[in-house]
Amino acid sequence: MEARAVVKGFQFCTWIDSEKVKRRPPSGSARFSRRLKEEQSKRHVLVAAAHLPKSNRHRHVAVDYNHWNPASPVESGNFHAHFDESYVLKTKSQEIEPYLKGRCIYLVGMMGSGKTTVGKILAQALNYSFIDSDTFVEHEAGGKTVPEIFKLYGERFFRDKETEALRKLSMMQRHVVSTGGGAVVRPVNWKCMQKGISVWLDVPLEALAQRIADVGTGSRPLLHQGPGDAYSKTFMRLSSIFEERGDAYANANARVSVENIAAKMGYRDVSNLSPTAIALEALRQIECFLEEERGHARVF
């Protein structure tokens, strides 16, 4: 795939758990980790938040939710632990925000993976601005919607506009950017996103197909289809698209597997996860990348 060519030397965080990506030994910076922990120690964490482990940050693939029940009540009896997700999210964002140095965060992933929803939560937590690259393209195209752009001008025209949008966004700071599902296929788009930090929201295709089938494919130009079982046709089309883009998504600096989060929290269905829990995991994986990035810089 062409996107492979431009990511030579691209930084991968050690947590990436994919058969398509080789593991690398941990190389995080002890100084960076200590500084984060010193800042964290200055803050008081709520009782429910204390269930989250604070050790082994360099070695764990994802947050260990094994002993944290999001449905269990806090001591007050009037609130539930899922409310504390927002508190922990804000605490984590305050820890890593100084080390982002204003760099944008680019969310990549398949259509329907929740990039916009999670992106808005991340932006609020980090005190960043949020922007959807598709919305940016629509504005640049005189207010025409993405389906209208595809219909009137074709996919190539849309991809060109998408690249222009990412180029402009790459010159900005302090933005969380939700990219289009196909943004990863062009090497030039990766060059733009390399100026920030890219995060792949990895959602099982079955869950994506169900989400999209439930709301319809009208706003998804690449999924327009004839009559029949909406779920089956959507799943087959998504499978084909992922086959083309899967390796490109894996080039992201960080990967958030919602399937892994659900398993850790004891959920069989990823739809039971809150967007805040996914955003929290995104921050932890960004932290992992920052630690490795800093360690890499010290070596060279």
Item to check | Residues which pass ring pair (Phe, Tyr, Trp, His ring centres under 6.0 Å) with Y128, listed by chain and number, not counting sequence neighbours | outcome: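 Ring pair (Phe, Tyr, Trp, His ring centres under 6.0 Å) list for Y128, sorted by chain: empty.
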
Checklist entry - For the side chain to side chain contact (heavy atoms under 4.5 Å, CB included) test, which of V118, L201, V203 pairs with V258? => result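 Result: among V118, L201, V203, V203 is the only option passing the side chain to side chain contact (heavy atoms under 4.5 Å, CB included) with V258.
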
Next on the checklist: Using the rule side chain to side chain contact (heavy atoms under 4.5 Å, CB included), only one of L122, V177, V176 pairs with F130; which is it?
Outcome noted: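 The option that passes is V176.
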
Item to check | Intermediate values then yes/no, side-chain contact (heavy atoms from CB on, under 4.5 Å), I212 and L238 | outcome: CA-CA 10 Å; I212 295 172; L238 288 175; 4.2 Å; yes

Write down the atom of [X], the atom of [Y], and the distance for their closest heavy-atom approach.
X	Y	answer
A165	F136	CB-CD2, 3.3 Å
G180	S133	N-OG, 3.2 Å
A209	T234	CA-CG2, 3.9 Å
A279	L89	C-CD1, 3.7 Å
S198	A252	OG-CA, 3.3 Å
N253	G196	OD1-O, 4.0 Å

Next on the checklist: Suppose the criterion is side chain to side chain donor-acceptor pair (under 3.5 Å): which pairs have a residue in residues 145-154, not counting sequence neighbours?
Outcome noted: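 Listed once each, the pairs are T145-E148.
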
Next on the checklist: I'd like to know whether L290 forms a side-chain contact (heavy atoms from CB on, under 4.5 Å) with R294, so could you lay out the CA-CA distance, the side-chain angles of the two residues, the decisive distance to 0.1 Å, and finally the verdict.
Outcome noted: CA-CA 6 Å; L290 290 171; R294 188 175 177 85; over 6 Å; no

State the [atom1]-[atom2] distance between [X] and [Y], to the nearest 0.5 angstrom.
X	Y	atom1	atom2	value
N189	Q194	CG	CD	11.5 Å
T179	M193	OG1	CE	5.5 Å
K90	N127	NZ	CG	6.0 Å
R245	N251	CZ	CG	14.0 Å
L126	I121	CG	CD1	12.0 Å
R268	E259	CZ	CD	14.0 Å

Checklist entry - What residues form a side chain to side chain donor-acceptor pair (under 3.5 Å) with Q124, not counting sequence neighbours? => result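 So Q124 forms no side chain to side chain donor-acceptor pair (under 3.5 Å) with any residue.
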
Item to check | Any residue meeting side chain to side chain donor-acceptor pair (under 3.5 Å) with S170, in chain and number order, not counting sequence neighbours | outcome: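 Checked S170 against side chain to side chain donor-acceptor pair (under 3.5 Å); zero matches.
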
Checklist entry - Taking the six-membered ring for Trp, are Y249 and F242 parallel (under 30°), tilted (30 to 60°) or perpendicular (over 60°)? => result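 The rings of Y249 and F242 lie parallel, inter-plane angle below 30°.
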
Next on the checklist: Before you tell me yes or no, could you show the steps for L273 and M265 under side-chain contact (heavy atoms from CB on, under 4.5 Å), namely the whole-Å CA-CA distance, both residues' side-chain angles and the distance that decides it to 0.1 Å?
Outcome noted: CA-CA 9 Å; L273 291 174; M265 296 181 71; 3.6 Å; yes

Taking the side chain as every heavy atom from C-beta outward, state whether [X] and [Y] have any pair of such atoms under 4.5 Å apart.
X	Y	answer
D160	R186	yes
C288	Q285	yes
E162	F158	yes
L152	K144	yes

Counting distance only, does the side-chain N/O of [X] pair as donor-acceptor with the main-chain N or O of [Y] below 3.5 Å?
X	Y	value
E138	V146	yes
W190	V184	yes
K161	V137	no
T276	E85	no

Next on the checklist: Suppose we screen for side chain to side chain contact (heavy atoms under 4.5 Å, CB included). Which residues come up paired with S240, at least two apart in sequence or across chains?
Outcome noted: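 Residues passing side chain to side chain contact (heavy atoms under 4.5 Å, CB included) with S240: R237, E244.
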
Checklist entry - Quick one: do E287 and K92 make a salt bridge, cutoff under 4.0 Å? => result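 Between K92 and E287 there is a salt bridge, with a charged N closer than 4.0 Å to a carboxylate O.
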
Among residues at least two apart in sequence or on other chains, which ones pass salt bridge (charged side-chain N to carboxylate O under 4.0 Å, His left out) with [X]?
X	answer
K168	E140
D132	none
R167	none
E97	R174

Item to check | salt bridge (charged side-chain N to carboxylate O under 4.0 Å, His left out): pairs with one or both residues in residues 108-120, sequence neighbours excluded | outcome: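 Pairs touching residues 108-120 that pass the test: none.
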
Next on the checklist: Filter on salt bridge (charged side-chain N to carboxylate O under 4.0 Å, His left out), then keep only pairs touching residues 194-209, sequence neighbours left out; what's left?
Outcome noted: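 For residues 194-209, and leaving out neighbouring residues, the salt bridge (charged side-chain N to carboxylate O under 4.0 Å, His left out) pairs sorted by first residue read D202-R255.
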
Ignoring hydrogens and angles, write down the donor-acceptor pairs under 3.5 Å from the side chains of residues 102-111, residues two or more places apart or on other chains.
from, atom 1, to, atom 2, distance (Å)
R103, NE, L100, O, 3.3
R103, NH1, E293, OE1, 3.4
R103, NH1, E293, OE2, 2.9
R103, NH2, E293, OE1, 2.9

Item to check | Evaluation steps, side-chain contact (heavy atoms from CB on, under 4.5 Å), between T163 and R159 | outcome: CA-CA 6 Å; T163 296; R159 297 301 174 195; 5.5 Å; no

Next on the checklist: Is it true that, when you exclude M172 itself, more than 12 heavy atoms of the residues, nucleotides or ligands shown sit nearer than 6.0 Å to its CE?
Outcome noted: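 More than 12 heavy atoms, drawn from other residues, nucleotides or ligands, come within 6.0 Å of this atom.
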
